[in-house]
Amino acid sequence: MNSEFQQEQKRVNNVMETITEQISRLEVETSQRKNEVVNIRKHFWDEIKVNTDTFDDFLETVISLRQEAQALSVSQSTHKHASKRLSTLCRMQKVPYFGRIDFIEEGMSTQEHIYIGISSLMDKSGEDFLIYDWRAPISSVYYDYQPGPAQYAIPGGTIQGELEKKWQYLIRGGVLQSMFDTSLTIGDEILQQVLGQGTDKHMHSIVATIQQEQNRIIRHNHGKLLIVHGAAGSGKTSAALQRIAYLLYKYRDSLNADQIILFSPNSMFNSYVSNVLPELGEENMQQVTFQEYLDHRLSKEFQVENPYEQLEYVLTAANAPSHGSRVAGIRFKASTCFFEVIKSYRKSLELSGMLFKGINFRGKPIVTAQQIADRFYSSDTSINFHNRLEELKEWLMKQIKEAEKVERMKPWVQEAIELLSNEEYHKAHIYLAKKRGFERESIGDYEMEPEALTRLIVHQKLKPLRKRIRAFHFIDIKEIYKQLFADPLQIKQWIEGETPVEWADICRATLEMVDEGKLLYEDATPFLLMKELIQGFQTNRSIKHILVDEAQDYSPFQFEFLKRLFPSARMTVLGDFNQAIFAHADEMVDFNSLSSLYGQDETEVINMTRSYRSTKPIIEFTRRLVPNGERIIPFERDGELPVLTQLFDHAELHRCIVSKVEALRSLGYNSIAIICKSAEESKSAYEALSNIEDIKLIKNGSPEYEQGVVVIPSYLSKGIEFEAVIIYDASEQKYGDKSLRRVFYTACTRAMHDLQLYSVGEPSSFLLNALQENLIRV
């Protein structure tokens with residue numbers, strides 16, 4: 001074995017030498033390319049002779065411009081490609097490769113050693129691979145098979161063969177630290193080492209430790225919808241990000257990062273995962289929260305509540321008189337049933353109910369709201385609804401044109417002309433001269449006619465009205481939405497099922513909010529859908545793939561909306577219903593309802609039951625907190641039992657937490673989270689614990705994930721992991737309601753190595769099973 005180890009180190013040395021040589025060559029090349037780009041930009045116009053005297057001169061100028069622009073584009077592209085490769089090679093200097101398979105292809109007599117790393121590397125001759133990219137077809141054998149018969153897919157079919165051995169390497173800085181024959185060793189030593197390490201402020205790539213079920217997600221390649229339902233810590237998000245890297249590699253000629261969108265839970269999460277794709281030599285895809293999209297579309301009309309404000313209300317206002325009806329409203333407005341209500345309501349507007357805003361100019365009506373409505377409903381109802389609106393728009397533009405003629409005769413126009421500044425007058429002169437066909441040199445010869453200036457002034461003043469009409473702003477969307485709730489009984493004409501018993505209260509509360517210029521989070525997507533169904537959908541066909549992380553937080557309504565918004569996109573949905581902490585989740589336990597989005601034939605569901613984040617004792621404990629938790633399989637990683645400490649008051653609680661943080665820091669833990677139920681509790685906990693050195697409070701809107709000791713609400717901790725977690729108050733008083741079970745589970749599953757629970761008074765009844773089975777130390 002020693003000689004084999006030496007042979008492998010010798011090979012590492014050769015590979016490192018090749019990488020170093022390629023880096024040196026590329027450093028020179030990127031420098032040259034950069035200078036080339038700078039030079040072309042600097043002297044771009046020196047090479048172009050602009051002449052438009054004749055058509056031939058003009059054509060020559062255009063061709064010259066195009067040639068220079070093309071040269072610049074080629075140089076920029078070459079520089080970008082070389083820089084990207086240089087960056088990848090620099091990362092490979094640290095870890096050139098991590099695995100090897102010994103594979104005999106069917107029909108061949110000799111085995112081939114396939115070494116696998118984050119990118120491919122050719123030898124000096126450029127003929128043989130020293131390292132294969134982890135995304136290459138043959139590399140799938142490494143992730144999917146143990147020694148024995150194996151196969152992998154290529155564009156032309158399937159290659160069969162025999163996997164003789166599978167090796168894992170731990171190489172750091174050109175030194176082979178260890179190597180394992182995985183057919184002989186028990187467990188996954190390298191995965192054990194990686195999971196046993198600490199964290200930093202970014203998630204990292206997992207290519208060296210991808211498991212078989214994760215590889216299925218990464219290389220999944222058929223159907224419109226992939227649903228990944230995975231336990232906390234099962235590697236869903238990591239696998240999904242590696243999936244993006246795989247798609248960018250496989251379809252590099254037809255797919256780029258700008259055509260992929262990740263819908264993530266919050267901006268802090270965006271920061272946390274921002275490192276994964278660059279580590280693999282790929283550009284980051286677009287990252288956005290659903291709330292950011294809603295704000296982009298609605299913030300000019302409303303103050304839009306965000307999902308965490310909604311959740312904060314649900315968690316902290318349980319005693320408010322309106323709490324029950326608000327929760328019922330959240331659930332109903334998130335349902336596919338309400339989606340159908342909005343569609344049916346919009347359909348009914350074809351015959352009656354459309355509301356419009358009158359068009360006024362200088363305080364007087366050009367067309368009243370009633371005149372617009374009369375015109376709309378006098379048109380042929382057999383014509384498509386949107387075509388009727390287009391015709392109405394054209395009619396309104398004609399009314400503006402007629403009004404323009406009348407306005408020219410009014411005294412205000414002459415006053416406006418007299419008040420023009422010299423600069424404004426000069427601009428009007430140039431504009432009208434050009435319109436009359438005067439060239440730049442002869443503009444001074446143009447004598448401006450008073451009537452032309454009058455026309456221009458009136459046309460400019462009416463321009464904002466034309467803009468509003470083109471954008472359909474004459475439709476009163478706000479009042480149309482309110483109309484849906486004006487009479488609680490009228491919904492029966494648009495619904496097949498039952499409305500909540502609190503429907504009348506829901507209607508009243510909705511109207512009050514909309515009148516105040518506020519849109520509750522549960523109303524934002526329905527309002528936007530109704531607006532789109534009336535004005536026409538603003539679809540985006542350039543997006544080819546969307547990922548939805550923490551998908552259990554999205555309502556069926558929102559998924560229907562996303563499907564319509566991105567009609568050309570495939571969708572990867574990742575979630576865990578044990579972490580479904582929003583009120584609309586109700587009692588849903590899986591994503592089966594989503595299969596109706598694209599149909600069964602276009603949908604695949606992958607369940608991930610093995611959890612890697614936490615130690616075995618922590619997982620054994622947390623899986624007792626949720627129904628069907630026995631399906632969650634812990635990875636074999638030893639650790640300490642979670643600890644429950646019961647206290648009498650908050651003063652004692654704070655003393656204990658200060659002491660525990662000090663002890664955890666002395667153990668070398670860099671990321672310690674004190675997780676509270678709500679933002680309200682987080683704020684008071686942070687103030688009470690402010691004497692802990694460098695303690696930070698994480699709030700909704702925090703731009704990036706912070707290292708160190710943080711106080712954080714349960715719902716903002718989702719998707720993130722910490723070396724040690726302290727549950728601030730796990731008492732029955734805080735976590736007594738059964739609706740909080742998933743919130744509690746989510747908070748506890750953030751811990752990688754150490755979990756401490758404190759309870760002021762009686763501990764939560766969620767802990768009873770774990771206490772009876774001695775899965776938690778008291």
Side-chain angles (χ1 to χ4, degrees), residues 196-201 613-622 625 637-699 702 705-714 716-717 720-735 743-764 766-767 770-771 774-778:
Q197 291 169 2
T199 65
D200 63 23
K201 64 188 289 185
R613 174 185 297 135
S614 310
T615 60
K616 187 177 180 182
I618 291 174
I619 296 170
E620 292 282 10
F621 159 67
T622 55
L625 299 176
R637 185 162 66 87
D638 292 336
E640 299 294 325
L641 284 174
V643 177
L644 171 65
T645 306
Q646 194 173 339
L647 306 152
F648 295 104
D649 58 37
H650 281 84
E652 192 180 357
L653 168 69
H654 298 139
R655 282 196 297 274
C656 282
I657 290 178
V658 170
S659 172
K660 179 52 68 178
V661 167
E662 203 175 301
L664 291 168
R665 276 177 159 168
S666 70
L667 291 172
Y669 292 138
N670 294 316
S671 66
I672 303 166
I674 300 162
I675 302 182
C676 302
K677 186 174 89 170
S678 63
E680 190 180 282
E681 187 180 61
S682 295
K683 188 171 181 290
S684 58
Y686 173 72
E687 288 167 359
L689 298 169
S690 58
N691 57 334
I692 294 176
E693 188 183 349
D694 291 333
I695 191 169
K696 302 175 187 79
L697 175 63
I698 304 295
K699 295 183 277 193
S702 294
Y705 166 60
E706 299 272 8
Q707 274 283 89
V709 180
V710 298
V711 181
I712 186 169
S714 55
L716 288 182
S717 69
I720 300 174
E721 56 192 28
F722 305 91
E723 291 165 332
V725 164
I726 293 169
I727 303 298
Y728 178 72
D729 186 359
S731 65
E732 180 69 9
Q733 186 188 355
K734 289 289 180 186
Y735 293 98
V743 175
F744 190 67
Y745 169 80
T746 300
C748 292
T749 54
R750 302 305 95 203
M752 294 171 66
H753 312 310
D754 199 299
L755 176 59
Q756 304 286 328
L757 301 98
Y758 291 91
S759 173
V760 179
E762 195 66 26
S764 167
F766 300 150
L767 297 170
L771 285 166
N774 296 317
L775 294 173
I776 186 166
R777 199 166 77 241
V778 181

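Bear in mind that the values here come from a model prediction, so they are computed numbers and not experimental data. One-based numbering along the sequence shown.
For the atom pair CD1 (Ile657) and OG1 (Thr645), the distance works out to 9.5 Å, reported to the nearest 0.5 Å. Separating the NE2 atom in His650 from the CZ atom in Arg655 is a distance of 13.0 Å, to the nearest 0.5 Å. A distance of 9.5 Å separates CG of Leu653 from OG of Ser731, quoted to the nearest 0.5 Å. To the nearest 0.5 Å, atom CD1 of residue Ile675 and atom CD1 of residue Ile727 are 5.0 Å apart. Between Lys699 atom NZ and Tyr686 atom OH the span is 8.5 Å, to the nearest 0.5 Å. The distance from the CG atom of Leu771 to the CZ atom of Phe621 is 8.0 Å, given to the nearest 0.5 Å.
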Would Cys656 and Leu647 count as a side-chain contact (heavy atoms from CB on, under 4.5 Å) here? Give the steps.
CA-CA 9 Å; Cys656 282; Leu647 306 152; 3.6 Å; yes
Walk me through it: do Thr615 and Ile618 pass the test side-chain contact (heavy atoms from CB on, under 4.5 Å)?
CA-CA 5 Å; Thr615 60; Ile618 291 174; 3.4 Å; yes
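Glu723 places a side-chain N or O within 3.5 Å of a backbone atom of Ser671 that can act as its donor or acceptor partner.
Under a cut-off of 6.0 angstrom, the local environment of CD in Glu680 is sparse, with at most 12 non-hydrogen atoms contributed by other residues, nucleotides or ligands.
When Asn670, Val710, Leu755 are each tested for a side-chain contact (heavy atoms from CB on, under 4.5 Å) with Phe722, only one passes: Val710.
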Report, one line per pair, each donor and acceptor closer than 3.5 Å where one atom sits in a side chain of residues 757-764; sequence neighbours left out.
{"from": "Ser759", "atom 1": "OG", "to": "Gly761", "atom 2": "O", "distance (Å)": "2.8"}
{"from": "Ser759", "atom 1": "OG", "to": "Glu762", "atom 2": "O", "distance (Å)": "3.4"}
{"from": "Ser764", "atom 1": "OG", "to": "Tyr735", "atom 2": "O", "distance (Å)": "2.8"}
{"from": "Ser764", "atom 1": "OG", "to": "Phe766", "atom 2": "N", "distance (Å)": "3.1"}

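Ala685 approaches Val711 most closely through the heavy-atom pair CB-CG1, 4.2 Å. The shortest non-hydrogen separation linking Pro642 to Pro617 is CD-O, 3.9 Å. Residues Ala673 and Ile712 share a closest heavy-atom pair of CB-CG2, 4.4 Å. Heavy-atom minimum distance, Arg665 versus Ile692: NH1-CG2, 4.1 Å. Summarising the geometry of Pro713 relative to Ser678, their closest heavy-atom pair is CB-C, 3.8 Å, with the distance given to 0.1 Å.
At least one side-chain heavy atom of Leu625 sits under 4.5 Å from a side-chain heavy atom of Cys748. Looking only at side-chain heavy atoms (C-beta outward), Leu641 and Ile776 stay at 4.5 Å or farther from each other.
Residues forming a salt bridge (Lys or Arg N to Asp or Glu O under 4.0 Å) with Lys616 (at least two apart in sequence, or on another chain): Glu636. Contacts of Glu681 classified as salt bridge (Lys or Arg N to Asp or Glu O under 4.0 Å), with partners at least two apart in sequence or in another chain: Lys734. Not counting sequence neighbours, the partners of Glu640 by the side-chain contact (heavy atoms from CB on, under 4.5 Å) test are Arg777. Considering only residues two or more places apart in sequence or on other chains, Ala688 meets the side-chain contact (heavy atoms from CB on, under 4.5 Å) condition with His654. In this structure, Ser717 has no side chain to side chain donor-acceptor pair (under 3.5 Å) partners at least two apart in sequence or on a different chain. Applying the side-chain contact (heavy atoms from CB on, under 4.5 Å) criterion to Ala724, with sequence neighbours excluded, gives Leu664, Tyr669, Ile672, Asp754. Lys660 meets the side chain to side chain donor-acceptor pair (under 3.5 Å) test with no other residue; sequence neighbours excluded. Residues satisfying the side chain to side chain donor-acceptor pair (under 3.5 Å) criterion with Glu652, sequence neighbours excluded, are absent altogether. Residues that satisfy the side-chain contact (heavy atoms from CB on, under 4.5 Å) test with Ala663, not counting sequence neighbours, are absent from this structure.
Sorted by first and then second residue, the salt bridge (charged side-chain N to carboxylate O under 4.0 Å, His left out) pairs involving residues 682-697 (not counting sequence neighbours) are Lys683-Glu687.
His753 and Arg613 share no side-chain donor-acceptor pair at under 3.5 Å.
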